[in-house]
Every structure is written in structure tokens, then in C-alpha cells.
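Residue numbers start from 1 in every chain, and the chains themselves are labelled A, B, ... in the order their sequence lines are given, proteins ahead of strands. If you're wondering where the values come from, they're calculated on a predicted model, not measured in any experiment.
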2 protein chains.
Amino acid sequence: MDTNQEKILEKAQERVIETLARNMDLYGITMSTGLLYGTLLFQDKSMTLDEMGEALGMSKTSMSTGVRTLMDLNMVEKIWKKGTRKDHYEVNLDWYQNFIDLFSVKWRHACEHNVHALKKSLQELRTLQQTEELTEEISERVDLSIKRIENGLEYYLWLSRLIDSFESHDIFQFVPKKENES
Amino acid sequence: MDTNQEKILEKAQERVIETLARNMDLYGITMSTGLLYGTLLFQDKSMTLDEMGEALGMSKTSMSTGVRTLMDLNMVEKIWKKGTRKDHYEVNLDWYQNFIDLFSVKWRHACEHNVHALKKSLQELRTLQQTEELTEEISERVDLSIKRIENGLEYYLWLSRLIDSFESHDIFQFVPKKENES
DNA sequence: AAGTACGTAAAGTTTTTTCTGAACGCTGAA
DNA sequence: TTCAGCGTTCAGAAAAAACTTTACGTACTT
């Protein structure tokens, strides 16, 4: 039964697609966009926006925004096809790199913002602590705040180094891509 | 000016609180819950739900759910105070551990789900491939799907090992907590 | 046992996000 | 130049999430 075989195949694909999509909120990706990614994943050809809309039963507009989200994370690439005016897209199959790009894009960004705010406030508080005569009560609160901020700063500097090790791929020295590899 | 000093202090705190909160969507944490975390961070005493609601100008119910979210991620702990019937909460100050717990709770969970789905579909497809007579067209699609799934599986097993290295704290051998530490 | 204080569940409201359909601008073809 | 096909912007509709109010169950107090 040809149809039966196809059903098995598609069911197997759909399970994967749906599961992956459901867990992609960790990447800040919405479920529908996750489904789009999954759909592209099992395509041996690149897809156009119309084909995606067809496959998911959604509007072309949604496909456009979804595909852009995925491109921002380097999970999908635009492909040049001569002879057609439509844009073609296909998945970037290097999941390791996807993971790394995610961290680069999102976590690095947050990390920098946080470090900046922490440093700025830390400096203000240190100045306050040194230049002004503080009541004991205020002084204690300032001290505590400084301690908390220094504590957080230390962590974010660590996180930054961790992200460095992802970006440089040094992490693979520590956690190799394949388990039993020399 | 006592009031002026307090203003400087509070502004410094608020900058940190707001920045941290804003970037906590990476942890799957809503901004208000992030603000709650930040508020607790600069408290040298534990807080009750009522105090939190007071501090943030929000309902006690919201504080209840917010604090639960933070507890699920081990970012906040419930403290026993004798003499009062109210629950008291305070932040867990070990940010490294917070980060690790986040990965344990969320990423590990997603990882396991995905591995499970990938393995199940992989097995189905391998069975299909071996036991049935397939048309060439179907056979190719099955082969491609298997390749994609194996590829993803390899990545998730790596991710799983990465998370292991967080949970076991081995990661700190590779990326030390403090930069210039022997 | 009755009353009070507390945390949380449930239902409803408001706000935010996601999705769609229409309209626009651009590019290549006739 | 005009027209058709494409991706995207924009405004509005639908769906989801966050927040609040009300109500409930439990545990301590009297």
C-alpha cells in the first residue's frame, strides 16, 4: 500500500516536527514558526513562501515573518534559484551552529546590557559611599547593594566567557561533538 | 540631604532591577516576575507576599504565582520564620547555580522530549525501510528523513552532555568562575 | 467549635501577541 | 509605459497571556 507507507513516513515526520516546535519557545520561537522550521527540515528542496503557506495552511504574511525570525537566528537561509522570481529558503542543518548563534544573538545581547547596567550602578554606589556622609542605615543598604551587584557582575563575566567558548567553538574541546571520538 | 542619598541608591537599584527583568525572557520569565526577582535581590530581609505586592503595586495573587515561578527555577527560596504565619521568601544568591538549574529544568526537559520523539520516529522509519518494498520515491524521502533525524539526534546527545557538564559543575573546570584563578 | 489570617484556585478583565487580508512598492516582462 | 507577480508593511481581528477580583480550603487562635 503506497498510501500506507506514506502515512507512516508522514506520521514519523510530524511527531518530530511537532515536538521540536513545541520546545522551541526556549529559543524564543513561537510554535507556528517552529512548525515552519520543522517543515523545512524534512524538505529536500528549498521552499517558497507560497509552498510554506500551503503546507501549514497559513497566510503568506505569516510565512514571511516566520522565515525572517528563523533567518535572524541563522536557522534558515535564503537560496538563489535562477529562473524564478520567488525567494527560496532552506534550513541550515548545522544544529550546533544554530545553538551557538542563538546564544550569540540573544544571551550575549542580554549579557552586555546587564553588565552595562550593573557597572553603571556599581560606580554610582561606590561614589556615593566614598564622597558623602551617610547615615548608618543608608550606608548599610549601599553596602548590601554593592555586594549584590558585584556578585552579579562576577556571574555575568563568567557567562560572557562561556559564550566566548561557544562562539570560538572551544567548547567542543571540552564537550566533543561525538561521544566516542578521539 | 538624606532623601537625596536615598534617591541615588534607589535609582541605582532600579536600573539594575529593570535591566535584569527586561532580559529575563531568556529564562522564560515575564517582566513582572523579573521585577519581583530584582526587588527581592536588594532586600536584606526575606519578604512576604504582602510586602511584595506593596513594593510592586500588584495583587497578592500575582506575587503568589510569580514567586512560584521563581521557586520552580530555584531562584527564590521559601524561608521558615517562626512567630509568623506568613510565608517568607528570599533570593538564592548563587547565580551560577541559577543558570545551571535553568538548564536542568527547562533545557534538559526539552532535550529529553526531543530525543524521545526523534528516536521513536527514527525506529519507525528504519523498520519501514527494511521490511517493506518501497517505491523509489518513498524510499528517498525515508532516507532523507532518517538522515535529518540522525543529525538532530547527534546534536541533542551533545546538548545533553553539555547539560551534564553544567549539572556536575565540570563546566567550571573549562570556564572557571573567576578569570584569574589558579 | 467558630472565627480569622493566609495562600491559592477559578473566573473574568485587560493587555499583549499572533495571525490575516488588504494595500503598497518594487522588479522584471510585454 | 503598463502590467503582473512578488515580498512586505499596516490596520484590524482573533487568540493567548497576564493580571485582578472573588471565592474557597486550610490551619492557627480563641
Side-chain angles (χ1 to χ4, degrees), chain A residues 17-18 20-40 45-73 75-91 106, chain B residues 17-18 20-40 45-73 75-91 106:
Chain A
I17 292 172
E18 210 186 299
L20 293 181
R22 182 160 283 124
N23 293 120
M24 275 198 193
D25 54 329
L26 292 178
Y27 290 68
I29 288 177
T30 185
M31 173 118 189
S32 344
T33 304
L35 291 173
L36 174 57
Y37 174 81
T39 305
L40 283 162
K45 300 289 173 195
S46 57
M47 284 183 101
T48 66
L49 291 182
D50 289 304
E51 288 166 345
M52 297 174 202
E54 172 83 13
L56 294 178
M58 288 180 71
S59 71
K60 191 151 81 165
T61 307
S62 295
M63 298 304 99
S64 179
T65 61
V67 121
R68 169 150 52 175
T69 304
L70 294 171
M71 286 216 301
D72 288 346
L73 294 170
M75 295 173 74
V76 156
E77 285 167 6
K78 191 185 279 193
I79 298 296
W80 275 107
K81 285 262 189 196
K82 63 181 178 184
T84 176
R85 283 169 60 194
K86 300 194 182 193
D87 292 345
H88 288 248
Y89 300 90
E90 59 182 50
V91 288
K106 301 214 158 179
Chain B
I17 292 172
E18 208 187 300
L20 292 182
R22 182 159 284 124
N23 293 120
M24 275 199 193
D25 54 331
L26 291 179
Y27 289 68
I29 288 177
T30 185
M31 173 122 188
S32 347
T33 304
L35 291 172
L36 174 57
Y37 175 82
T39 306
L40 283 162
K45 301 287 174 196
S46 59
M47 286 182 99
T48 66
L49 292 181
D50 289 305
E51 287 166 346
M52 298 174 201
E54 173 82 13
L56 294 179
M58 289 179 71
S59 71
K60 190 152 79 164
T61 305
S62 293
M63 298 302 101
S64 178
T65 61
V67 121
R68 169 151 50 177
T69 303
L70 293 171
M71 286 217 302
D72 288 346
L73 294 170
M75 297 174 73
V76 156
E77 285 167 7
K78 193 185 278 193
I79 297 295
W80 276 107
K81 284 263 190 197
K82 62 179 179 185
T84 176
R85 284 169 58 193
K86 299 194 182 190
D87 293 345
H88 288 250
Y89 299 90
E90 60 183 48
V91 287
K106 299 213 161 184

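When rounded to the nearest whole Å, the span between CG of B/D87 and P of C/dA5 equals 16 Å. Look at CG on B/L49: it is 7 Å from P on C/dT8, rounded to the nearest Å. Rounded to a whole Å, the CE atom of B/M63 is 7 Å from the P atom of D/dT20. Between the NZ atom of A/K82 and the C1' atom of C/dT27 there is a distance of 20 Å, given to the nearest Å. A/L36 has its CG atom 15 Å from the P atom of C/dT18, to the nearest Å. Between B/M47 atom CE and C/dG7 atom P there is a gap of 13 Å when expressed in whole angstrom units. Note: CE (B/M52) to P (D/dC19) measures 15 Å, nearest angstrom. Taking atom CE of B/M58 as the reference point, atom C1' of C/dT8 lies 16 Å away to the nearest angstrom.
The side chain of B/K60 places an N or O atom within less than 4.0 Å of a non-bridging phosphate oxygen (OP1 or OP2) of C/dG7. Contact between the side-chain N/O atoms of A/S64 and the OP1/OP2 oxygens of D/dG7 is not found at any separation under 4.0 Å.
Atoms CD1 and CD, on A/I79 and A/E90 in that order, are 3.5 Å from each other to the nearest 0.5 Å.
Candidate nucleotides C/dC6, C/dT8, C/dT18 were compared by shortest atom distance to the side chain of B/K86, and C/dC6 ranks first. Distance from the side chain of A/S62 is smallest to C/dC19 among D/dG7, C/dG7, C/dC19. When the nucleotides C/dG7, D/dC19, D/dT20 are ranked by their closest atom to the side chain of B/S59, D/dT20 comes out on top.
If you check the side chains of A/S59 and A/S62, you find a donor sitting under 3.5 Å from an acceptor.
Residues B/L70 and B/I29 have side chains in contact (heavy-atom distance under 4.5 Å, counting atoms from C-beta outward). Side chains of A/M52 and A/L36 form a contact here, defined as non-hydrogen atoms less than 4.5 Å apart.
Toward the 5′ end of DNA chain D lies the nearest nucleotide of A/R85, the other residue of the pair A/R85 and A/R68 mapping further downstream. If you find the closest nucleotide of DNA chain D to B/T61 and to B/T30, the one lying nearer the 5' end belongs to B/T30.
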Step by step, work out the side-chain contact (heavy atoms from CB on, under 4.5 Å) result for B/M47 and B/M63. CA-CA 11 Å; B/M47 286 182 99; B/M63 298 302 101; over 6 Å; no
